[in-house]
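What follows is a short report on a single structure.
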Amino acid sequence: MNLFFHLGRYFILIKRVFSKPEKMSVYGKQMVHEIDNIGISSLPIIAIISFFMGGVITIQSAFGFTSPLVPLYAVGFTVRESMLLEFCPTIVCLILAGKMGSNIASEIGSMRITEQIDALEIMGINSAGYLILPKILAGVLILPFLIAISMFLGIFGGYVMGIATHACSAYEYIFGIQYGFEPWKLYYSFTKVITFAFLITSISSYFGYYTHGGALEVGKSSTSAVVYSSILILIFNFLLTQLFLT
Amino acid sequence: MIEIKRISKSFGDRLVVDDVSFTFEQGKTNLIIGESGSGKTTIMKLMVGLHEIDKGEILYDGLNFPTLEVKEKQEVRKKIGMLFQGGALFDSQTLEQNVRFPLDMFTDMSPAEKIDRVNFCLEKVQLSGKNDLYPGELSGGMKKRAALARAISNSPQYLFCDEPNSGLDPKTSIVIDNLIQSLTHEFNITTIVITHDMNSVVEIGEKVLYIYKGKPWWTGNGKDILKTTNPELLDFVFASGFMKEVFNAVKEKNG
C-alpha cells in the first residue's frame with residue numbers, strides 16, 4: 001500500500017510540475033542557475049573518476065589478456081565498450097545520484113521546513129513547477145554533455161595509462177577504440193543517461209518536496225532520495241538494456 | 001474584507017477549529033489571539049488555503065475561496081501578502097531579489113520600475129540600502145521587516161502576519177507592530193495578525209478575536225480587553241504574575 005501511495009503522489013507531483021509555468025522567463029533563468037548548480041559543479045568529480053577508471057580498465061584488461069590469441073588492440077576495444085555501454089551512462093549516473101540527489105532533496109526539504117514553499121504557494125505560484133521543473137530540465141539537458149565528457153576522459157585516461165604502463169602501444173590502443181564501432185550504441189547510452197537524469201532529479205525533488213518536520217527529516221529525505229534514485233537507475237538500466245540489446 | 005462563516009477543521013479525531021465565524025475588516029488590523037495550540041494558526045492556514053476546511057465558508061470580498069478552481073485560487077492568492085513566523089525569505093536570494101520576486105512573477109514592470117518599487121518597500125520597512133544582503137546576514141527583526149517588504153511589494157489587498165513578534169525584543173516588536181498598522185492604514189489593506197503578544201493586542205488591535213480551544217470565545221478591540229470579565233480571556237491576558245501585579249496596581253491607583 002505504501003508503494004502505491006508514493007507512486008500515486010509522485011505522479012500527481014509530476015503532473016503539477018509540468019503544468020503551464022507562470023512566467024517562462026523566470027523559469028528560464030532558474031534553469032540556467034540549476035545547470036550550473038547541479039550540472040557544471042559535478043564536472044570535476046566526473047572528470048577525475050572517469051580518467052582513472054579508464055586507466056584502471058586498461059591495466060586490468062592488459063593484465064587479463066595473457067593469451068597470444070587475444071590481440072593487444074582488444075585493450076582499447078574493452079575500454080571503449082566498458083566506458084560507452086556501462087561505466088559512463090550507469091556508474092557515473094549512480095555517482096551523480098549521490099551528489100545531485102542529496103543536493104536537490106536537501107535544498108527543497110530545507111525550503112519546506114522553513115515555510116519557503118508555503119510562501120510560494122500563498123503568492124499564487126505553483127511551487128512544484130517553480131522549484132522542480134527547472135531542475136528536471138537542467139538535469140536532462142546537462143547530463144548528456146557531462147557523460148560525453150566522461151566518455152572522452154575515460155578513453156583518454158585509458159590511453160595515457162596504457163602508454164605510461166606499457167600495457168599496449170598507442171597504435172594498438174587507437175586501433176582498438178575504433179574497432180567494430182557501432183554508432184547505435186551511443187544512442188542506447190544517451191537514452192539511458194536522459195532517463196537516469198529524469199529519475200535522479202524528479203525522485204530527489206519528490207522526497208525533498210514532501211519533507212515534514214525538521215533538520216533530521218531533511219537528512220532522511222536526502223538519504224531516501226539517493227537510495228531510491230539508485231535503485232530505480234539499476235532497474236531502468238536492466239529494462240533499457242533488455243529493450244535495446246535483445 | 002474577509003469573512004469566515006462557521007468554519008471547522010479536524011485533524012484525525014481532534015477538532016482543532018470549531019464553528020468559527022468572524023469578519024476581518026478592510027483598513028484595520030484584525031487580530032486573532034489565543035494560547036499556543038488553540039487553533040489560531042490553523043485558522044490562518046485555512047484562510048490562505050494551506051489546509052482545507054471541513055465545513056464553512058471563507059469569503060474574500062464575496063468570493064468563496066475553498067470552492068474556487070486552482071487557477072481562480074491562484075488569482076486570489078496574488079492579492080495576498082504574508083509574513084511568516086520565521087520570515088520564510090528565500091535563502092539563496094538577496095534582499096532585493098526576495099522583494100522583487102513577486103514583481104518578477106506577476107508584473108510586466110520594467111527593471112527600473114521594479115528597482116524603484118523594491119527600494120520603496122525597503123524604505124517603508126527601514127531597510128534602505130540593504131539590497132545586497134542575504135537573509136543569513138540579517139538579524140531576527142531585520143528578517144521580519146524584510147519579509148514584510150516582500151509581502152507588500154506587489155500591493156496586496158490582504159496581509160496575513162503569523163506571530164510577527166515571536167523571538168523579538170519588546171522594542172523591535174513595537175517597531176514591527178507600528179509598521180504593520182501604518183501599512184494597513186496607508187494602503188487600506190485587510191490585515192490579519194496572529195499573536196499572543198499582549199503589547200500588540202493593546203497597541204494595534206482594532207478588532208480582536210480570542211480563540212479558546214478552537215472556539216471563538218470573545219471579540220472586541222485591544223482596549224476593551226483590559227475591561228473584560230471573561231474568565232478564560234482574563235486568565236490568558238494576565239497569565240504572568242508581572243501582568244497581574246501591574247493590573248492590580250493600576251486598579252488600586254484608579255480606586
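Quick note: numbers below take in every heavy atom, side chains included, and nothing from hydrogens, waters or symmetry partners. None of the values given here were measured: they were computed from a predicted structure. So you know, we letter chains A, B, ... as the sequences are listed, proteins then strands, and number each from 1.
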Part of [X] within contact of chain A (heavy atom distance under 4.5 Å):
X	result
B:F160	neither
B:S153	neither
B:D91	both

Using a distance-only test with no angle check, is there a side-chain donor-acceptor pair under 3.5 angstrom linking [X] and [Y]?
X	Y	result
A:H6	A:Y210	no
B:T94	B:D132	no
B:Y158	B:D61	yes
B:D177	B:S200	yes
A:S41	A:K99	yes

In short, B:F84 meets B:K144 closest at the heavy-atom pair O-CE, 4.3 Å

Next on the checklist: Using every non-hydrogen atom in the two residues, find where B:L95 and B:L127 come nearest and quote the distance to one decimal.
Outcome noted: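 Minimum heavy-atom contact is CD2-CD1, 4.3 Å.
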
Ranked by heavy-atom pairs below 4.5 Å to chain A, first place among B:I80, B:V76, B:D104 goes to B:D104

Q. So which of B:M105, B:M82, B:K78 has the largest heavy-atom pair count under 4.5 angstrom toward chain A?
A.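 The residue among B:M105, B:M82, B:K78 with the greatest pair count is B:M105.
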
Q. Are there residues of residues 115-141 of chain A that reach to under 4.5 Å of chain B by heavy atoms, and which ones?
A.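 Expected list: A:E115, A:Q116, A:D118, A:A119, A:L120, A:E121, A:I122, A:M123, A:G124, A:I125, A:N126, A:Y130.
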
Step through it carefully: locate the ring centre of B:F24, locate the ring centre of B:F22, and say whether they are under 6.0 Å apart.
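Ring centres of B:F22 and B:F24 closer than 6.0 Å.
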
